[in-house]
S.K.: 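Please find one structure pasted underneath; my questions will follow.
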Amino acid sequence: MAQTGVIQDKLALSGAPFEHSVNRIRVVTIVALIAAWEVVASLGTVGVLYDDVVPHIWYIFIAVFEELISAGFYQDLGITFAEHIVGFIVGSILAVFVGIWMGTSTLVRGALEPYLNAIGSTPKIIFLPILFLMFGTGIESKMAKGALSAFFPVVFTTALGMALINPVLIRVGRTFNLNKWQMIAKIYMPAMVNPVITGLRLGMAITVIGVLVAELKFSDGGLGYRLGIYYEQFRIAPMYAIIVLIFAIAAAANVGMTRLQDRVNRHMAPSASKGKNRQASASGGLGVVANN
Amino acid sequence: MSNLLKSIVIATAGVAVLAAPAFAADKIRMVNSTKVVFETEHPYSALENGFFKKQNLDVSIIHGSGGAASLQAVITGSQDVVYGNGVLGVLTAYAKGAPIRALGSNIRGVPDLYWYVKTDSPIKSFKDLKKGMEFAYSRPGSTTNLAALYIKNALKLEAKLVSVGGPSGSRTQLMSGQVATGWSVYPLNKGLIREGKIRVIGTGKEAAGLVGVTIRVIAANVNWLNKNRDAAKRMMVALEEGQKRTYNSMDQLKSYAKRWKLNFEDVKSAPMDTPYEVSTLLPVAGLDKINKIALETKKIKKLLTAAQLKEFVHPMGNKPN
Amino acid sequence: MTKIYKMPVVVGLFGFLVCAMLLELAVGYGYVMHLVVPRPSDTIIAFPEVQADMDLIGNFFVTLGMTAAATALALLIGIPFGYFLYRNTRYGIAYEGWLAAAFAAPTVLLYPLFLVIFGRSHATLIAMGFIPGAIPIIIQTRQGLLGVSQTLQNVGRSFNVSERDMFWKILLPSAVPTIFTGIRIGVMYTLVNIVAIEYLIDFGGLGRIVSEMYFRFDTPGTYASIIAVIFVSVLFYWGFGRVEKWLRPV
């Protein structure tokens with residue numbers, strides 16, 4: 001486990017000059033990467049590499065700009081966004097309820113866990129044929145893929161969160177004769193907000209990947225479809241442009257969810273957990289592992 | 001007052017009569033099996049020139065990426081008709097009990113496929129492909145695999161068949177020297193021919209065993225077909241008109257180029273690259289051969305009978321004779 | 001003595017068998033289309049056919065081999081780079097956020113890029129497996145080394161151990177549990193990416209079999225090969241878990 005205190009002390013000693021040198025390293029790295037890319041791109045021009053394979057950075061910038069001013073890009077973005085949001089919401093809601101169910105019953109947990117672990121550890125992409133068969137090849141199958149991708153990280157973190165709830169809180173709830181739904185709303189959910197949000201953050205990132213991959217395989221719209229079309233037509237700079245934009249959107253979504261989790265952590269009651277070291281941290285940590 | 005009321009009633013009736021055909025238009029959901037290739041243009045031609053509307057049809061078209069997924073959409077009923085799906089796949093699905101029937105041929109033979117090399121390559125034709133040289137095709141079981149196999153057998157080539165994926169993957173591997181030949185389908189990569197970067201060494205016309213054999217079909221879900229036979233017949237008439245239009249109209253070729261962001265110079269010769277005679281909707285020919293190929297490639301476990309092959313085809317939407 | 005019907009494993013298995021039987025009846029009587037979901041009995045029969053036709057076991061080893069190659073590459077580059085980031089705090093801080101962001105990024109989408117560079121070959125698959133494998137190894141190596149107890153390091157210094165001995169005798173053994181967490185995460189993502197790319201480009205091992213069965217409209221074969229992939233995933237992680245336990249018994 002990282003001793004973040006060690007890092008904090010070093011920063012405190014070095015202050016602004018330390019930050020400047022860190023930023024300098026970042027800037028130099030970016031410049032070096034761009035320079036290396038340009039060298040590789042130039043190799044194509046002099047006949048060492050196939051010259052269309054790595055275009056110059058400038059062409060990629062132009063392609064990014066052309067995408068951002070194209071109506072088609074926003075149409076495809078809207079399709080991917082719709083698939084992602086619906087899939088994520090459906091998968092997460094289902095997962096939270098199943099996770100709570102598993103957390104409240106050792107029998108259910110023991111019965112379901114082996115199957116969930118088996119499917120959870122499998123690359124979800126191989127279920128695509130089944131989803132295409134069941135939901136057709138339209139937007140529904142991409143939503144289903146998104147839901148499947150979102151389900152597993154959320155169900156595992158929810159079940160874990162249930163297990164980590166301070167038993168004192170549960171006993172207090174029972175003392176007040178709260179019914180099952182009141183226990184969920186007033187005791188379980190507030191107590192396990194942090195692990196659930198960790199799961200949602202992971203689930204959101206994995207849902208993006210799941211939806212895009214489904215679009216790549218078979219779709220009529222969406223950013224993954226757009227990427228596939230450019231590749232089929234060998235339009236390499238636009239292909240890179242779409243990859244850059246997808247990465248930027250995924251990074252922005254990840255940052256947004258991370259900030260949300262940090263905010264929730266700041267408002268969390270400290271007695272909510274049993275005090276065990278939590279595996280998931282909001283910023284920078286890998287959290288609970290889940291597959292796409 | 002009564003005159004005013006009469007006028008309103010007559011006007012309303014008039015609007016209803018005019019609107020009635022629109023309300024009564026038969027809806028058809030079509031999936032165009034692949035993108036970009038020339039023979040997928042005909043449904044768009046029919047749509048854009050109002051041929052479907054003329055037949056009182058409201059056709060929606062989506063497109064797939066080739067392969068099983070487009071056909072699966074029709075089999076499961078989420079689409080009604082698939083345009084331009086590989087006949088091998090359709091026959092295989094039918095053999096396995098899928099509710100699918102062929103309505104017409106999309107292309108016979110594979111004249112639109114071509115193989116190419118880098119301009120400085122010593123290979124001038126298929127006959128120059130020696131032992132150990134790579135003869136490219138897309139993926140196992142595909143039309144290009146079939147075509148490459150037939151060319152290899154017809155010309156008794158010793159070159160090895162190598163799967164290189166789609167036209168893009170083929171282009172990269174050829175241009176970066178990983179394989180000796182690349183494959184493509186007109187009009188893709190024609191720009192490279194124009195620029196003198198590649199040279200064509202042969203086309204699918206040299207797959208003699210496949211000449212005249214239907215390679216891609218128009219197919220429909222049989223449950224939909226039985227309930228909408230008249231609509232299916234009208235759709236085929238509209239598609240035939242659309243196809244004629246594509247072959248005879250420069251404007252349609254421009255629309256095709258614009259749709260897929262192709263260079264018009266590459267697209268102009270498409271009607272010559274894929275001659276009209278091979279893409280008429282009838283006949284659906286060579287099913288005996290396709291039947292045998294399906295068995296050889298383990299797609300089916302036993303040959304379909306003559307009766308089954310007859311039942312498989314509903315020419316232009318009509319019941320089999 | 002716990003009543004057997006209350007044992008979770010028994011309950012789970014019973015539930016699974018009931019679902020399978022209901023599905024068998026539903027497909028048999030036509031309530032569910034057999035081309036969408038096959039009868040479980042047809043799926044079981046399809047296993048030996050898929051093995052005979054597509055060499056399921058052989059392709060398992062192909063996927064395993066590529067995963068092992070990608071993981072070896074990830075270890076070769078990831079651990080030294082993680083150590084470098086630990087030794088050079090400024091670089092560690094500078095790249096920390098980028099590495100975390102890269103871990104969450106949809107790197108599987110880079111496959112067209114690798115296809116154009118490496119072509120349709122095992123190199124593309126290994127490269128695609130390497131990226132998601134290396135990142136957690138780098139992150140966890142650095143985290144593990146940073147987490148080594150200061151007391152242990154002070155003890156080492158008080159005995160005047162060399163930098164080399166400090167690394168091999170104090171830092172690395174203390175950091176191994178955390179590094180191993182990174183390796184486990186890395187291997188998991190490597191396998192996922194490799195199977196995904198195999199499926200997307202119809203090339204390679206297990207993923208290709210699923211795609212091929214689907215292309216043949218062989219629905220029992222498709223489901224059989226998917227179950228086989230699930231099985232080998234489970235076997236893989238179980239085996240890896242045993243290796244991990246054997247290497248660090250505590």
Side-chain angles (χ1 to χ4, degrees), chain A residues 1-3 6-7 10-11 18 21-23 25-26 29 50 52-54 106-115 117-119 121-123 125-130 133-134 205 208-209 212-213 216-217 224 227-228 231 236 239-240 243 246-247 250-251 254-255 283-286 289 291-292, chain C residues 6-9 11-12 15-16 35-37 89-91 93-98 100-101 103-106 108-110 112-113 115-117 136 139-140 143 146-147 150 178 182 184-185 188-189 191-193 195-196 199-200 206-207 210-211 213-214 219 222-223 225-226 229-230 233-234 237:
Chain A
M1 205 65 179
Q3 287 185 335
V6 174
I7 302 167
K10 283 190 174 176
L11 279 173
F18 184 86
S21 80
V22 165
N23 288 333
I25 288 169
R26 287 177 177 151
T29 305
Y50 178 31
D52 285 341
V53 160
V54 180
T106 42
L107 179 66
V108 169
R109 187 180 183 138
L112 286 181
E113 211 164 40
Y115 302 101
N117 279 331
I119 299 174
S121 62
T122 305
I125 191 172
I126 57 144
F127 295 111
L128 268 182
I130 298 175
L133 289 169
M134 286 182 177
V208 168
I209 299 171
L212 289 169
V213 158
L216 271 171
K217 193 64 181 175
L227 175 68
Y231 172 63
I236 301 299
M239 186 189 82
Y240 281 103
I243 291 173
I246 289 172
F247 272 55
N254 194 44
V255 164
S283 316
L286 296 170
V289 178
N291 295 312
N292 63 344
Chain C
K6 284 191 177 172
M7 288 171 66
V9 170
V11 170
F16 178 77
L35 285 166
V36 175
V37 182
T89 314
R90 285 173 175 75
Y91 284 90
I93 305 281
Y95 296 149
E96 186 182 35
W98 291 3
F103 183 67
V108 69
L109 295 183
L110 294 173
L113 164 61
L115 270 180
V116 297
I117 293 173
I139 293 173
Q140 293 296 98
Q143 294 283 349
L146 283 172
Q150 200 59 40
T178 311
R184 186 163 31 84
I185 295 167
M188 194 182 302
Y189 274 82
L191 179 67
V192 164
N193 253 32
V195 172
Y199 174 73
L200 282 172
L206 294 171
V210 175
S211 183
M213 289 293 112
Y214 179 71
T219 317
T222 305
Y223 277 72
S225 50
I226 288 171
V229 174
I230 294 172
S233 292
V234 168
Y237 297 129

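Numbered from 1 within each chain, the chains take letters A, B, ... in sequence-line order. From a predicted model like this one, the values you see are computed outputs, not experimental measurements.
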S.K.: Look at A:Leu212, A:Ile243, A:Ile130, A:Leu227 and state which one has the largest set of heavy-atom pairs under 4.5 Å with chain C.
M.R.: A:Ile130
S.K.: Measure across A:Val22 and C:Arg90 and return the closest heavy-atom pair with its distance rounded to 0.1 Å.
M.R.: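 Between these two residues, the closest heavy atoms are CG2-O, 3.8 Å.
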S.K.: Give a yes or no on this: more than 12 heavy atoms of other residues, nucleotides or ligands lie within 6.0 Å of atom CZ of C:Phe16.
M.R.: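 Result for CZ/C:Phe16: open.
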S.K.: Can you tell me if OH on A:Tyr231 sees more than 12 non-hydrogen neighbours from other groups inside 6.0 Å?
M.R.: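 Yes, the 6.0 Å shell around OH holds more than 12 heavy atoms from other groups.
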S.K.: Heavy atoms only, distances under 4.5 angstrom: which of C:Gly15, C:Ala101, C:Ala94 has the most pairs with chain A? Name it, please.
M.R.: C:Ala94
S.K.: Do the non-hydrogen side-chain atoms of C:Trp98 and A:Thr29 ever get within less than 4.5 Å of each other?
M.R.: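 C:Trp98 vs A:Thr29: side chains touch.
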S.K.: Return the option, out of A:Ile126, A:Ile236, A:Asn23, with the maximum number of heavy-atom pairs under 4.5 Å with chain C.
M.R.: A:Ile126
S.K.: Between atom CD1 of A:Ile125 and atom CG of C:Asn193, what is the distance when rounded to the nearest 0.5 Å?
M.R.: 9.5 Å
S.K.: As an exercise, state the distance from OH of C:Tyr91 to CD1 of A:Ile25, rounded to the nearest 0.5 Å.
M.R.: 4.5 Å
S.K.: Given that the side chain runs from C-beta out, which part of C:Tyr214 has a heavy atom under 4.5 Å from chain A: side chain, backbone, both or neither?
M.R.: side chain
S.K.: Between C:Leu110, C:Ile226, C:Val9, C:Val234, which shows the greatest number of heavy-atom pairs under 4.5 Å with chain A?
M.R.: C:Ile226
S.K.: Name the option with the most non-hydrogen atom pairs under 4.5 Å to chain A; the candidates are C:Gly207, C:Gly97, C:Gly12, C:Ser211.
M.R.: C:Gly12
S.K.: Looking at C:Val195, C:Leu206, C:Leu200, C:Thr222, which has the largest count of heavy-atom pairs under 4.5 Å with chain A?
M.R.: C:Leu200
S.K.: Looking at every non-hydrogen atom in both residues, tell me the closest pair between C:Ile93 and A:Arg26 and how far apart they are.
M.R.: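 Here C:Ile93 and A:Arg26 meet closest at O-NH2, 3.1 Å.
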S.K.: At a 4.5 Å cut-off on heavy atoms, which part of A:Met239 comes close to chain C: side chain, backbone, both, or neither?
M.R.: side chain
S.K.: Measure across C:Val210 and A:Pro129 and return the closest heavy-atom pair with its distance rounded to 0.1 Å.
M.R.: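 The pair with the smallest heavy-atom distance is CG1-CG, 4.0 Å.
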S.K.: Please flag which part of A:Pro114 lies under 4.5 Å from any non-hydrogen atom of chain C: side chain, backbone, both or neither.
M.R.: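 Neither; nothing under 4.5 Å.
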S.K.: C:Ile230 versus A:Tyr115: any side-chain heavy-atom pair under 4.5 Å?
M.R.: no
S.K.: Measure across A:Ile246 and C:Pro106 and return the closest heavy-atom pair with its distance rounded to 0.1 Å.
M.R.: CG2-CG, 3.8 Å
S.K.: Would you say that C:Leu109 contacts A:Leu216 through its side chain, given a criterion of any heavy-atom pair below 4.5 Å between the two side chains?
M.R.: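 C:Leu109 reaches A:Leu216 side chain to side chain.
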S.K.: Which atoms of A:Ala111 come close to chain C, meaning under 4.5 Å heavy atom to heavy atom: side chain ones, backbone ones, both, or neither?
M.R.: both
S.K.: Please flag which part of C:Ser225 lies under 4.5 Å from any non-hydrogen atom of chain A: side chain, backbone, both or neither.
M.R.: neither
